[in-house]
Amino acid sequence: MTLNPAIMQSVEQLGYRVTVGDVSAQAGLEINLAQQGLLALASEAGGHLQVADSGEIVYLFPQNFRGILRNKYLQLRLKEWWESIWKVLFYLIRISFGIILFASILLMMVAIAIIVIAISSSRGDGDSRDSGGDGGIVFFPNFSSLFWIFYPNYDDNRYESPNRQTPRGDRSRSQMNFLEAIFSFLFGDGNPNYDLEERRWQEIGTVIRNNRGAVIAQQIAPYLDNVTRSNQESEDYILPVLARFNGYPQVSPQGEIIYYFPELQVTVQKSTKRSIASFLREKLYQFSQASSGQVLLAIGLGAFNFILALVLGSLLKEPEIVSQLGGLVAFVNSIYWVLLGYASAFLGIPFIRYFWVQWRNSNIESRNVQKQARAEVLDSADNILCQKIDYARQFAAQTVITDADITYSTEKDLLEQDIERSDKIDQEWQRRLDSK
């Protein structure tokens with residue numbers, strides 16, 4: 001069975017001694033999936049099962065279980081190796097678009113210079129003399145300063161105060177070089193909500209845990225997107241939560257429904273309320289995490305590249321010159337449509353993506369407003385809502401399993417455990433006799 005990385009991470013965060021409810025709430029996983037994953041992890045990593053006198057099961061793992069798995073499975077080692085290789089490959093892919101841009105500009109400038117020189121020399125000596133012999137000279141702009149754009153903060157150093165402080169954690173404005181900025185300008189920086197579902201179920205699990213395993217639907221609604229006008233009254237939107245965490249509905253005497261989750265009420269350590277946002281906020285897309293100076297420079301170079309492509313196209317319309325020059329000019333002529341296509345796409349893709357980002361952000365803002373409104377309803381609860389919350393608290397409970405509650409563990413020999421249990425019983429009887 002494939003081991004679940006989310007379960008392994010939860011085990012580490014919870015101190016290597018967990019229950020199914022602990023992991024399910026921490027990772028936001030289905031109860032059955034968490035149970036199967038813990039059994040698989042315990043089997044493969046040398047974990048132990050501890051059974052409490054109440055029948056609850058605690059899973060105990062060695063703190064070096066990742067090392068045990070790494071030594072045991074070649075597949076895990078290959079996966080870690082591939083992840084490190086992929087980081088390098090993806091970085092090369094990111095900077096390749098900037099390299100292609102500069103190669104395209106340089107190639108077209110050289111081709112244009114060769115064609116212009118050839119056209120000027122073919123005009124005859126008379127035209128050359130009239131021009132003072134300077135007709136064949138082509139002036140190139142000075143690109144020596146372009147070497148600086150490959151360094152992070154190039155534009156910040158040129159256009160901003162040295163006392164400017166970069167926000168902590170904003171890698172784009174403190175470490176992104178210009179070649180990476182070109183990729184960001186073209187394609188953006190990925191989905192900011194790639195982990196939205198993971199965050200959703202983790203926060204829902206935290207809400208249930210904070211309320212000691214018993215909640216009302218309105219407490220979960222700010223973290224869901226499937227809440228509509230049609231299902232708000234029936235509370236059908238809570239069904240996926242019940243299925244995921246093995247929850248049960250309970251009807252109050254007033255006919256109101258609350259939901260409790262027995263398996264999330266069992267833990268190995270007394271938990272305190274964790275701070276959590278009042279609703280699940282989706283992050284907005286950014287057009288680019290590159291700084292404004294890098295974006296402007298990318299636009300300028302893209303426009304310059306496009307103009308060069310148009311100029312080169314007009315010069316290549318004279319086939320006799322192309323056939324006469326051959327070499328580099330013939331090669332550029334053969335890939336001209338590729339160069340023109342790249343120049344057009346370099347400006348066209350960001351242009352289209354800009355409006356796509358605005359459309360996506362408007363939808364995200366709408367969903368955020370709706371979820372925030374549901375959270376505000378909960379904050380200003382009326383009498384009916386308060387009665388539901390009070391009724392839910394009657395089912396709120398927390399079972400903390402300590403070492404004293406353990407009656408059996410695979411960590412020790414069965415005979416040894418029987419002896420220890422007998423000793424504990426004798427000590428308890430002796431303590432009672434001494435107290436009389």
Side-chain angles (χ1 to χ4, degrees), residues 83-84 86-109 141-196 281-309 338-365 368:
E83 288 177 352
S84 60
W86 172 245
K87 291 179 182 178
V88 178
L89 290 178
F90 186 64
Y91 178 77
L92 294 176
I93 292 173
R94 286 174 63 90
I95 66 174
S96 65
F97 290 89
I99 294 174
I100 293 173
L101 173 65
F102 284 102
S104 174
I105 291 175
L106 181 62
L107 188 62
M108 287 192 290
M109 286 184 63
N142 181 11
F143 289 101
S144 60
S145 62
L146 284 180
F147 288 104
W148 293 99
I149 65 179
F150 297 105
Y151 291 90
N153 290 335
Y154 157 75
D155 59 295
D156 295 341
N157 295 333
R158 288 190 58 184
Y159 303 113
E160 299 184 4
S161 168
N163 295 325
R164 173 185 178 271
Q165 294 183 354
T166 303
R168 183 178 180 183
D170 189 355
R171 177 192 179 279
S172 59
R173 298 189 183 276
S174 62
Q175 298 179 12
M176 184 179 291
N177 61 45
F178 185 65
L179 291 180
E180 292 177 294
I182 287 178
F183 183 90
S184 176
F185 167 72
L186 286 172
F187 305 109
D189 302 279
N191 181 4
N193 299 301
Y194 69 94
D195 60 344
L196 180 64
R281 180 184 294 275
E282 291 183 58
K283 301 174 184 177
L284 298 178
Y285 280 77
Q286 285 184 273
F287 174 75
S288 173
Q289 290 183 0
S291 60
S292 58
Q294 290 175 325
V295 171
L296 290 175
L297 186 55
I299 294 174
L301 289 174
F304 181 57
N305 187 44
F306 183 73
I307 293 172
L308 286 177
V338 176
L339 296 173
L340 181 61
Y342 182 81
S344 303
F346 191 91
L347 296 176
I349 291 176
F351 179 77
I352 296 173
R353 195 171 59 81
Y354 174 80
F355 293 100
W356 177 83
V357 166
Q358 303 306 312
W359 174 75
R360 289 295 299 266
N361 284 344
S362 64
N363 292 334
I364 291 175
E365 285 283 14
N368 284 340

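These numbers come from the heavy atoms of this one structure, side chains and all, not from hydrogens, waters or symmetry mates.
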Residues 98-106, side-chain donor-acceptor partners within the protein, below 3.5 Å, at least two apart:
residue: Ser104; atom: OG; partner: Asn305; partner atom: OD1; Å: 3.0

For this session: State which residue, out of Phe306, Phe178, Phe185, fulfils the side chain to side chain contact (heavy atoms under 4.5 Å, CB included) condition with Leu301.
Result: Phe178
For this session: Please name the pair of heavy atoms, one in Asn193 and one in Ile364, separated by the smallest distance, quoted to 0.1 Å.
Result: ND2-CD1, 3.9 Å
Exercise. For the atom pair CG (Asn361) and CG (Leu284), what is the distance rounded to the nearest 0.5 Å?
Worked result: 4.5 Å
For this session: Indicate yes or no: at least one non-hydrogen side-chain atom of Pro350 is less than 4.5 angstrom from one of Phe287.
Result: yes
Exercise. Yes or no on side-chain contact (heavy atoms from CB on, under 4.5 Å) for Ile95 and Leu92, after CA distance, side-chain angles and deciding distance?
Worked result: CA-CA 5 Å; Ile95 66 174; Leu92 294 176; 4.2 Å; yes
For this session: Find out whether Ile93 and Trp86 are in side-chain contact, i.e. whether some heavy atom of one side chain is under 4.5 Å from a heavy atom of the other.
Result: yes
Scan the side chains in residues 339-347 for donor-acceptor partners under 3.5 Å anywhere in the protein, sequence neighbours excluded, and list what turns up.
residue: Tyr342; atom: OH; partner: Phe97; partner atom: O; Å: 2.6
residue: Ser344; atom: OG; partner: Leu340; partner atom: O; Å: 2.9

Problem set entry | Steps toward side-chain contact (heavy atoms from CB on, under 4.5 Å) verdict (Glu180, Tyr91) | CA-CA 8 Å; Glu180 292 177 294; Tyr91 178 77; 3.4 Å; yes
Exercise. How about Tyr285 and Asp189: does a side-chain donor come under 3.5 Å of a side-chain acceptor?
Worked result: no
Problem set entry | Charged tip of Arg353 within 45° of Phe187 ring normal and under 6.0 Å | no
Seminar exercise, completed: Taken in chain and number order and not counting sequence neighbours, the residues that satisfy ring-ring contact (aromatic ring centres under 6.0 Å, His included) with Tyr194 are none
Problem set entry | Donor-acceptor contact present, side-chain Gln294 to main-chain Met176, <3.5 Å | yes
Problem set entry | Met108 vs Phe304, side-chain contact (heavy atoms from CB on, under 4.5 Å): CA-CA, chis, key distance, verdict | CA-CA 11 Å; Met108 287 192 290; Phe304 181 57; over 6 Å; no
Problem set entry | Heavy-atom donor-acceptor pair, Arg281 side chain to Asn368 backbone, under 3.5 Å | no
Exercise. Which value, rounded to the nearest 0.5 Å, describes the distance between Leu297 atom CG and Ser292 atom OG?
Worked result: 11.0 Å
